[in-house]
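Just so we're clear, the structure is a prediction, and the values are computed from it rather than from any experiment. Residues take their numbers from the sequence shown, with the count starting at 1.
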Amino acid sequence: MIRRPLLVVLAWLLALGIALAQPIASGFALGFGDRVDAMIEISLLEHWRNVLTGAAMWNAPFYFYPHPGVLGYNDGYFLSGLIYTASRAIADPFLADTLTAATWKTIGFFASYVLIARVLYWGRGTALLVAVLFTIANGMAVQAVHAQLQTVALVPLVFALAIVTARASARGSRGRAIALAGALALTIALWLLTAYYMAWFTLWFGCLFTACWLVQRRRVLPGPAIAALRRHVAPIITGAVVFIAAALPFLLTYLPKARETGEHHYAAMAGYLVTPLVDMVNVGPHNLMWGWIWRGLEALIGHFAPGDPGLPARVVGGEHSTGFPLLLFALTIMAAWRVLRGSGSFPPLLRTYALTLVVAWALTLQFWLLSPWGLIFYLVPGASGLRVVLRFQLFLILPVLLLVAAVWRHRLAALSAAHPWRAGVVVFLLVAEQINLDPAAAALDAPAQRAALWAIPAPPPACRSFYVVAARIGEPIFRSPEKHAQLAHNVDAMLLAEHWRLPTINGWATFTPIDWKFDRPLDPDYERRVQFYARVHGISGLCRLDVRAQHPWQIVTL
């Protein structure tokens with residue numbers, strides 16, 4: 001009776017140990033992300049802590065003062081903020097951020113295990129393998145710098161809720177179906193307020209699945225389609241009502257900012273589409289098994305472009321490292337082929353699922369200057385809010401694992417019974433090829449951040465808001481002098497503002513207010529820009545922070 005739960009716990013600890021290897025090896029001195037992205041994220045998590053303690057309005061973090069509703073310039077991090085706030089009871093901001101990531105990994109592990117073992121009934125062995133692979137997935141390890149993507153852990157939960165809702169409705173369990181539909185809708189609505197990309201991709205995949213289901217059953221005309229869905233009308237209506245009500249905070253936050261900023265343009269998105277085959281298997285140069293391929297490719301690109309050291313990163317680095325390891329990719333292609341060509345006694349819903357996966361992935365492909373995603377970008381609501389379409393491959397991690405498990409699990413079980421060591425080698429290779437040792441994934445030096453920021457004296461009581469000239473002395477340049485002058489002081493101001501619960505006119509996000517011009521703080525005109533902004537917005541009690549001065553704080557007279 002103890003053996004099975006213990007095995008699950010051991011698998012979870014193994015997966016968590018691999019996923020958090022760098023923070024653990026550093027004694028939690030290193031956190032996920034870098035000097036900028038992680039600091040922005042922690043600032044937003046601190047914002048939710050301030051909201052929950054009654055110190056802030058839910059949609060108004062303490063940056064970009066006095067612009068209202070500035071949460072809409074970036075991902076909202078709501079659910080992450082709830083986890084983080086609980087972690088702050090035992091940890092400082094930097095450790096609490098790592099604990100938040102660990103919590104998402106834990107949610108993903110157990111949600112995927114329950115989905116396969118208790119919802120799909122594919123066996124505990126399959127469930128453990130998929131849960132481990134999902135938790136340590138190479139793409140998520142490379143992209144750990146973007147903490148909002150950790151909410152991919154909600155994909156198995158949403159899939160499980162959708163399946164059990166449909167089953168309950170099909171059995172005629174109306175009350176259970178209504179309750180489950182409400183829970184599903186609430187989860188997705190809160191997810192939108194947390195991390196837009198993954199929530200939108202999930203909704204998009206669900207819509208494509210429904211469309212493929214209707215097409216395969218020749219029910220694309222309104223009459224037959226309505227008739228096919230009529231028996232599920234109660235949970236559908238319930239889900240729609242709950243979703244609309246729960247998504248109101250998201251809509252009220254982001255629709256005004258979407259109108260203000262115009263969202264992303266197609267040209268900005270075009271460089272982040274999926275290059276056929278290359279991006280689909282790009283695991284980055286630090287992958288344990290396949291990194292040598294990408295190190296060689298980067299060297300080759302650099303050889304032909306010696307004057308542009310950034311070219312390899314633009315072609316195969318950064319956001320492009322979201323692909324699948326070669327063994328898993330090969331199993332996926334063969335599984336999709338077997339299901340779609342009808343070889344084997346696969347259930348119709350699996351064929352619909354495989355078709356949905358293939359179509360969804362194909363729509364993100366780029367063929368020189370053309371891509372079918374252009375139609376999605378202009379025609380599908382919310383698609384223009386996405387810039388890095390490559391992140392769809394991170395969403396596909398679980399769908400790919402489910403397809404592979406559905407097709408190959410019996411073969412693996414038979415191999416395990418006949419030749420256990422061969423099955424062990426296959427499992428070992430599947431796990432090993434997911435391991436990525438990219439040092440940039442956990443590059444936030446927590447002790448350095450504490451030493452720099454917590455040493456700054458609190459602002460004087462007369463300060464009602466502040467701006468930063470310099471929050472650190474002698475700090476290494478972040479990426480480039482231009483990037484450092486644009487970002488470093490602004491993200492420091494964000495975290496300090498949340499820490500002191502005092503507004504700052506500085507800040508940084510995916511979008512910025514139209515009159516925000518607070519980069520290059522050491523330029524001679526920086527003070528004039530600040531004073532002009534303060535006069536236009538009627539700001540009083542503005543204070544200046546420059547830690548290079550003997551007295552870091554100075555009250556500004558306009």
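Ring pair F466/W553: centre-to-centre distance below 6.0 Å. Taking the six-membered ring for Trp and the full ring otherwise, the centers of H499 and F62 sit at least 6.0 Å from each other. Between W12 and Y113, the ring centre distance reaches or exceeds 6.0 Å. The six-membered or imidazole ring of W200 lies near that of W204, with a centre-to-centre distance under 6.0 Å.
In this structure D515 satisfies the salt bridge (Lys or Arg N to Asp or Glu O under 4.0 Å) test with no other residue, sequence neighbours excluded. For D546, the salt bridge (Lys or Arg N to Asp or Glu O under 4.0 Å) partners are R544, R548, not counting sequence neighbours. For the side chain to side chain donor-acceptor pair (under 3.5 Å) test, no residue two or more places apart in sequence or in another chain qualifies with D37.
Of the inter-residue distances, the one linking L82 atom CG with S87 atom OG reads 11.0 Å to the nearest 0.5 angstrom. Within the model, atoms CG of L71 and NE2 of H47 stand 5.0 Å from one another, a figure rounded to the nearest 0.5 Å. Taking CD of E41 as the start and CG of N74 as the end, the distance is 10.5 Å to the nearest 0.5 Å. Here the straight-line distance linking atom CG of L79 with atom CG of L193 works out to 8.0 Å at 0.5 Å rounding. In this structure, CD1 in I18 is found 11.5 Å from CG in L13, a value given to the nearest 0.5 Å. Going from atom CH2 of W294 over to atom NE2 of H286 covers 14.0 Å, rounded to the nearest 0.5 Å.
Crowding of I514 atom CD1: a count of heavy atoms from other residues, nucleotides or ligands under 6.0 Å not exceeding 12. For Y266, the OH atom sits in a packed shell: over 12 heavy atoms of surrounding residues, nucleotides or ligands are nearer than 6.0 Å.
Residues K483 and D519 are not paired through a salt bridge, judged by the lack of any N-O separation under 4.0 Å between the basic side chain and the carboxylate. A salt bridge does not link E298 with R295: every distance from a Lys NZ or Arg NE/NH1/NH2 to an Asp or Glu carboxylate oxygen is 4.0 Å or more. By the 4.0 Å N-to-carboxylate-O rule, R49 lies too far from E498 to be salt-bridged with it.
Ring planes of F392 and F201: perpendicular class, angle over 60° (limits at 30 and 60°). The aromatic rings of Y73 and F64 sit perpendicular to each other, their planes meeting at more than 60°, with 30° as the lower class boundary. Below 30°, between 30° and 60°, or above 60°: for F511 and H264 the angle between ring planes is between 30° and 60°, a tilted geometry.
Here the shortest heavy-atom pairing between N287 and N436 reads N-ND2, 3.4 Å. Scanning both residues, Q434 and L133, for their nearest heavy atoms gives CG-CD2, 3.9 Å. Considering every non-hydrogen atom in both T151 and A195, the closest pair reads OG1-CB, 3.3 Å. Nearest heavy-atom pair, I136 versus A15, reported as atom, atom and distance to 0.1 Å: CG2-O, 3.5 Å. Closest approach of R450 and L95 over heavy atoms only: NH2-N, 4.2 Å. When all heavy atoms of A137 and I397 are compared, the pair lying nearest together is CB-CD1, 3.6 Å.
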Could you go through the side-chain contact (heavy atoms from CB on, under 4.5 Å) check for I293 and L326 one step at a time? CA-CA 11 Å; I293 297 175; L326 287 174; 3.8 Å; yes
Just do the ring pair (Phe, Tyr, Trp, His ring centres under 6.0 Å) check on Y533 and Y467 with the steps written out, would you? CA-CA 11 Å; Y533 180 89; Y467 70 98; over 10 Å; no
Check against side-chain hydrogen bond (donor to acceptor under 3.5 Å, both in side chains), T53 and R88: CA-CA 12 Å; T53 56; R88 283 286 275 119; over 6 Å; no
Would you sort out whether R35 and L487 count as a side-chain contact (heavy atoms from CB on, under 4.5 Å), showing the intermediate values? CA-CA 9 Å; R35 166 71 174 83; L487 301 171; over 6 Å; no
Given side-chain contact (heavy atoms from CB on, under 4.5 Å), test I435 with L437 step by step and report yes or no. CA-CA 7 Å; I435 297 175; L437 306 175; 4.0 Å; yes
Take K105 and M140 through the side-chain contact (heavy atoms from CB on, under 4.5 Å) test and state the conclusion after the steps. CA-CA 10 Å; K105 291 294 186 184; M140 285 304 304; 4.0 Å; yes
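Of the possible donor and acceptor atoms, one in the side chain of H484 sits under 3.5 Å from a partner among the backbone N and O of F478. A donor-acceptor pair is defined here as one N or O able to donate and one able to accept, closer than 3.5 Å; no such pair exists between the side chain of Q148 and the backbone of D75. No donor-acceptor distance shorter than 3.5 angstrom exists from the side chain of Q143 to the backbone of L394, with no hydrogens or angles considered. A distance-only check finds no donor-acceptor pair linking the side chain of T512 to the backbone of W516 [under 3.5 Å]. Formation of a donor-acceptor pair under 3.5 Å by the Q150 side chain with backbone atoms of T103 is not found in this model.
M289 has its side chain within reach of L429: a pair of non-hydrogen atoms, C-beta onward, lies under 4.5 Å apart. With contacts defined as side-chain heavy-atom distances shorter than 4.5 Å, the pair I42/Y84 qualifies. Taking 4.5 Å as the limit, every side-chain heavy atom of L297 sits out of range of all side-chain heavy atoms of N282. Taking 4.5 Å as the limit, some side-chain heavy atom of L16 sits within range of a side-chain heavy atom of T106. Inter-residue side-chain proximity for M198 and L149 is flagged as met; some heavy-atom pair is nearer than 4.5 Å. Within the 4.5 Å cutoff, side-chain heavy atoms of Y63 are placed close to those of T504. No side-chain heavy atom of S43 sits under 4.5 Å from any side-chain heavy atom of P61. Inter-residue side-chain proximity for F324 and N138 is flagged as unmet; no heavy-atom pair is nearer than 4.5 Å.
E263 and Y254 share no donor-acceptor pair across their side chains, judged by distance under 3.5 Å alone. Side-chain atoms of T85 and W48 form no donor-acceptor pair, as typed in the model, at a separation below 3.5 Å.
Both tests pass for R391 against the ring of Y197: distance under 6.0 Å to the centre and angle within 45° of the axis.
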